[in-house]
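Have a look at the structure below before the remarks.
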Number of protein chains: 2
Amino acid sequence: MLNKINTVKDHLMGAKEKRGRYKEDFRREILNSARELFINEGYEKFSMRGLAKKIDYSPTTIYLYFKDKDDLLIAICEEVAEQFLANLSRIRAHPSKPLEALRQAMLYFIEFAFDNPNQYKVFFLTRPNVYGTQEEFMERESMARNSYLEFRKIVQECIGAGKLRRMDIDVLTQVLATATHGLIAITTYHKNFPWADRKVLAITLVDGLLRGFQK
Amino acid sequence: MLNKINTVKDHLMGAKEKRGRYKEDFRREILNSARELFINEGYEKFSMRGLAKKIDYSPTTIYLYFKDKDDLLIAICEEVAEQFLANLSRIRAHPSKPLEALRQAMLYFIEFAFDNPNQYKVFFLTRPNVYGTQEEFMERESMARNSYLEFRKIVQECIGAGKLRRMDIDVLTQVLATATHGLIAITTYHKNFPWADRKVLAITLVDGLLRGFQK
DNA sequence: AAAGATAAATTAAATATGTTAAATAAAATT
DNA sequence: AATTTTATTTAACATATTTAATTTATCTTT
């Protein structure tokens, strides 16, 4: 159940702004509940009707704040990406040893996913076209895109410092990212398989990859 | 629409066997239609109702041959794995250059997935626990498990021949497999992202990985 | 060949999903 | 206080998986 929260300076504002603020806050509250539901119940059990019950409004109300389920999913993705991006930037702020920064970034990527499996599922394993067409993606300002670019910068610095082989920056970035994604995706999605210890797998993968692309 | 096909030696068999054979054949026919529907319409559009319409039976009839949708999905997975395994074994039949065999196996893995995106989706991106619990998986005879073991053998031979670093065989196998999976999964699932050429990515990944784990 | 038993298939229905259109309640404006 | 605008809900549609009850077909036995 949501609490209506606009109280502080209601009397100071015009009604129009009050409306807008209310609408924004409500949207945020729905988003918070949705995220919580995701974390607790998991990706596959999440439903609009379930969310409606949780926030104690009718399902249709959600559609006044989000175009459809995809729209809500994207919003959650963006939140996750924002959080992820913040930590990634912090890692890049240590430019003394670029290769070590890259190593840490990849390991953090894995750790983040292991710690937030449901967010990761929303982000990477929702059905395609959620973020629009190919052309749109890189043009539209989004945390998802920015995360990629941030990771790309880290790789760039390694090449620039002569620590990694000089090659197409996007190819290398994508190879490193997708390989890392693979470990995360399959171990969190296919829990039935008798995997080796995930941390061992993570370190082995990252060190192997970096060794493979080192000069 | 299915054709009832038991004709050849119906009169030679007892009725009980005839029934059994009919049931088996019918199950197989449903499976074939289901696979076809998958390939043509894609994973997300597949439904029991659609399948029922295609085979010109009521939806409930399918439930007489498959416990539920998961059961049918597993059956398709096994078919895919069987096909995959057959080709993998053929690659391993060239033991002269084990590292080249491994390289080819990985590239084949990727190629197979790119050529059969929908089968791949069923196999790797259906929801979890489809194959039972952790313990069951390796005990139960399944094509999925056998494929893993076959790939493991190839890796084993590379280590045995001194071509790869001596390390835990399962860790190495899983790292190579999951990294490869990552490239496949994310490029077939997130088509919206402006990926580099997939073949370039594939070769870069495989060569980089092998270089990273070479002695 | 007819009657009874077994198997196969269907119809009907229960439950759950996302979503839209029409109706109602609440709030703001005049 | 009346009217217009905004917020919310109720009812309904379309589709999904799946179970129970019922009908149809097939086999077995006399």
Side-chain angles (χ1 to χ4, degrees), chain A residues 1-7 10-27 29-30 33-34 37-38 41-76 126-127 129-130, chain B residues 1-7 10-30 33-34 37-38 41-74 126-127 130:
Chain A
M1 176 123 66
L2 301 180
N3 352 339
K4 317 291 160 53
I5 46 181
N6 306 50
T7 49
D10 277 14
H11 61 289
L12 295 174
M13 298 193 297
K16 232 181 224 169
E17 305 160 50
K18 219 156 79 179
R19 277 272 172 70
R21 195 159 77 92
Y22 170 78
K23 201 147 190 182
E24 262 179 48
D25 286 349
F26 199 179
R27 195 187 140 97
E29 292 272 344
I30 294 175
S33 291
L37 211 57
F38 254 96
E41 305 291 328
Y43 171 69
E44 21 276 325
K45 281 183 185 168
F46 177 84
S47 74
M48 298 296 266
R49 294 176 116 105
L51 174 58
K53 189 165 279 179
K54 182 183 166 79
I55 63 177
D56 215 41
Y57 280 81
S58 91
T60 39
T61 302
I62 302 171
Y63 287 84
L64 300 169
Y65 298 87
F66 298 92
K67 185 180 158 289
D68 52 22
K69 197 182 179 182
D70 273 356
D71 191 30
L72 198 149
L73 251 39
I74 291 178
I76 296 179
T126 44
R127 70 168 183 286
N129 304 329
V130 183
Chain B
M1 175 124 65
L2 301 180
N3 351 341
K4 318 290 161 55
I5 46 179
N6 308 53
T7 50
D10 277 14
H11 59 290
L12 296 174
M13 297 192 299
K16 231 180 223 169
E17 304 162 47
K18 221 156 80 179
R19 276 269 174 71
R21 195 157 78 89
Y22 170 78
K23 200 146 191 183
E24 264 179 45
D25 286 349
F26 198 1
R27 195 186 141 97
R28 171 55 44 91
E29 292 271 345
I30 294 176
S33 291
L37 211 58
F38 253 96
E41 304 292 327
Y43 170 69
E44 21 275 324
K45 281 181 185 170
F46 177 85
S47 74
M48 298 297 262
R49 289 160 103 102
L51 175 58
K53 189 166 278 180
K54 181 183 168 76
I55 63 176
D56 214 41
Y57 280 82
S58 91
T60 40
T61 301
I62 303 170
Y63 287 85
L64 300 170
Y65 297 87
F66 297 92
K67 185 179 159 292
D68 52 23
K69 198 182 179 182
D70 273 356
D71 191 30
L72 198 148
L73 252 38
I74 291 178
T126 44
R127 72 171 183 284
V130 183

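Rounded to whole angstrom, the span from the CD1 atom of A:Ile30 across to the C1' atom of D:dA7 amounts to 12 Å. Following rounding to the nearest Å, A:Ile62 (CD1) and C:dT19 (P) show an atom-to-atom distance of 10 Å. Atom CZ of B:Phe26 is separated from atom C1' of C:dA9 by 9 Å (rounded to the nearest Å). What separates NZ of B:Lys67 from C1' of D:dT18 is a distance of 11 Å, to the nearest Å. A straight line from CD1 of A:Ile55 to P of D:dA7 spans 15 Å, rounded to a whole angstrom. C:dG18 atom P lies 6 Å from atom OH of A:Tyr63, rounded to whole Å. As rounded to whole Å, 11 Å separates atom P of D:dT17 from atom CG of B:Leu72.
A distance of 7.0 Å separates OG1 of A:Thr61 from CD1 of A:Ile55, quoted to the nearest 0.5 Å.
At the phosphate of C:dA9, OP1 or OP2 sits under 4.0 Å from a side-chain N or O atom of B:Tyr65.
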- prompt: Between A:Leu64 and A:Tyr57, does a side-chain contact (heavy atoms from CB on, under 4.5 Å) hold up when you go through it step by step?
  reply: CA-CA 12 Å; A:Leu64 300 169; A:Tyr57 280 81; over 6 Å; no
Nucleotides 10-12 of chain C: which of its N/O atoms have a protein N/O under 3.5 Å away?
unit_1: C:dT10; atom_1: OP2; unit_2: B:Ser58; atom_2: N; d: 3.0
unit_1: C:dT10; atom_1: OP2; unit_2: B:Thr61; atom_2: OG1; d: 2.3
unit_1: C:dT11; atom_1: O4; unit_2: B:Thr60; atom_2: OG1; d: 3.3

Distances under 3.5 Å only, N/O to N/O: pair up the protein atoms with those of nucleotides 14-17 of chain C.
unit_1: C:dT17; atom_1: OP1; unit_2: A:Ser47; atom_2: OG; d: 3.4

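Partners of B:Tyr65 according to the ring pair (Phe, Tyr, Trp, His ring centres under 6.0 Å) rule, which considers only residues two or more places apart in sequence or in another chain, are B:Phe26.
Among the atoms of the strands shown, none is found under 4.0 Å from any heavy atom of A:Phe66.
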